[in-house]
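Since the structure comes first, as structure tokens, the remarks are kept for the end.
Remember, it's a predicted structure, so these values are computed and weren't measured experimentally.
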Amino acid sequence: RFHRVHGANVRLDGTRTRATRVESFAHGLCFSQEPLAPGEVFLVEIEEKELGWCGHLRVGLTALDPQHLEAVPEYSLPDLVNMGGTWVLAITRNHNRVVVDGEETRGPPGEPFLCIEQVRIPRDVLVGRSRPGRYSHILDELYRTNVLPATARRSRIGVLYTMQPDGTADMHIVINGEDMGPSAQHLPTARPLYAVVDVFASTKSVRVIPVDYGLPSLQTLCRLVIEKHIVHRLAIDGLDLPPPLKSFCKHE
């Protein structure tokens, strides 16, 4: 869930899993309710966009305890970062990939798990999907290869950190099931690290997505098989399946 402490223009729903910026383009800072454990991803889905602003979602980590902030800054970049102990990345329409020493971090296509060092997360929940519609067959290849723009509605953005042998941490941003690499390195871990989500500019509302770190469910495994054998998503409607399962298969 989101922390009770947040920016002046943020409104949380009753469960504190949905954050909406109700006016302006700033004062949209949110934090995770609790510090993250190593390898724990804080994942949000973009639910609403707002035209007319430049800039998009910003995510990262902070060692500042939100409860002890005298005032929540207007911006994550540069305000919160300038307070120290904070690392934030601005999400752009193009993937924010970081490649270290020429090493490619992309996993094999269709791999059911995202592996980041010792962390292993079922990829399916990390993937943002567009809703099927009348012309969804035109987007089928995008649907299968998972290339929703990072800033699009229903795109899923996550942040986590991994421990390093020297006791420091590396911050990783995950965009639609794809690791962007170590966006910040050698983070000190003497203090707990909270997730930072800045609902900034054209991003108006985001929702926290729960992540199950166990094995994929039978439903998820069946959905993966169905996706490999259908022509396009509208073909799911013709399958002999209960309506709730059809909706699940179409990521609705």
Side-chain angles (χ1 to χ4, degrees), residues 31-46 56-63 76 85-129 144-152 154-198 206-217 220-221 224 251:
F31 306 93
S32 58
Q33 166 66 25
E34 304 289 344
L36 301 185
E40 179 184 7
V41 60
F42 193 80
L43 182 69
V44 297
E45 178 176 292
I46 299 174
H56 305 281
L57 189 71
R58 297 166 172 184
V59 298
L61 297 170
T62 183
S76 58
T86 301
W87 304 265
V88 173
L89 183 72
I91 304 301
T92 64
R93 181 176 175 83
N94 298 315
H95 277 189
N96 303 77
R97 177 171 299 284
V98 176
V99 179
V100 179
D101 298 331
E103 180 181 358
E104 179 58 64
T105 60
R106 190 189 305 269
E111 170 61 42
F113 290 93
L114 174 65
C115 297
I116 305 175
E117 299 178 20
Q118 298 81 24
V119 181
R120 191 167 181 260
I121 310 170
R123 192 185 298 269
D124 190 55
V125 71
L126 303 174
V127 174
R129 307 282 191 180
R144 288 198 178 93
T145 56
N146 178 36
V147 288
L148 258 184
T151 57
R154 299 179 65 81
S155 186
R156 294 186 175 184
I157 314 293
V159 60
L160 60 92
Y161 68 92
T162 57
M163 296 300 300
Q164 301 304 304
D166 63 358
T168 64
D170 287 357
M171 180 178 80
H172 287 254
I173 305 297
V174 177
I175 300 179
N176 290 324
E178 188 178 348
D179 174 28
M180 295 296 105
S183 303
Q185 296 181 288
H186 308 298
L187 276 63
T189 57
R191 292 183 289 170
L193 295 172
Y194 293 80
V196 176
V197 177
D198 193 350
V206 297
R207 176 172 58 97
V208 177
I209 302 296
V211 177
D212 182 5
Y213 295 88
L215 294 173
S217 68
T220 297
L221 293 174
L224 292 173
H251 296 267

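For the atom pair CG of L89 and CD1 of I173, the computed distance is 5.5 Å after rounding to the nearest 0.5 Å. Rounding to the nearest 0.5 Å gives a distance of 7.5 Å between NE2 of H172 and OG of S183.
Pairing each heavy atom of P188 with each of W87, the nearest pair is CD-CZ2, 3.7 Å. Contact record, V196 with S76: CG1-CB, 4.4 Å, taken as the closest heavy-atom pair. Smallest separation of non-hydrogen atoms from A195 and V159: CB-CG1, 4.0 Å. For the residue pair L160 and L61, the shortest heavy atom distance occurs at O-CD1, 4.3 Å. The shortest non-hydrogen separation linking Y161 to A37 is OH-C, 3.7 Å. Looking at every heavy atom in both residues, Y194 comes nearest to S32 through CD2-O, 3.5 Å.
Of the possible donor and acceptor atoms, one in the side chain of R123 sits under 3.5 Å from a partner among the backbone N and O of G177. A donor-acceptor pair under 3.5 Å is formed between the side chain of S155 and the backbone N or O of A150. N176 places a side-chain N or O within 3.5 Å of a backbone atom of R156 that can act as its donor or acceptor partner.
Side chains of T162 and Q164: a donor-acceptor N/O pair is present below 3.5 angstrom, by distance only.
Contact of the D179 side chain with the L114 side chain is registered, since non-hydrogen atoms from C-beta on lie closer than 4.5 Å.
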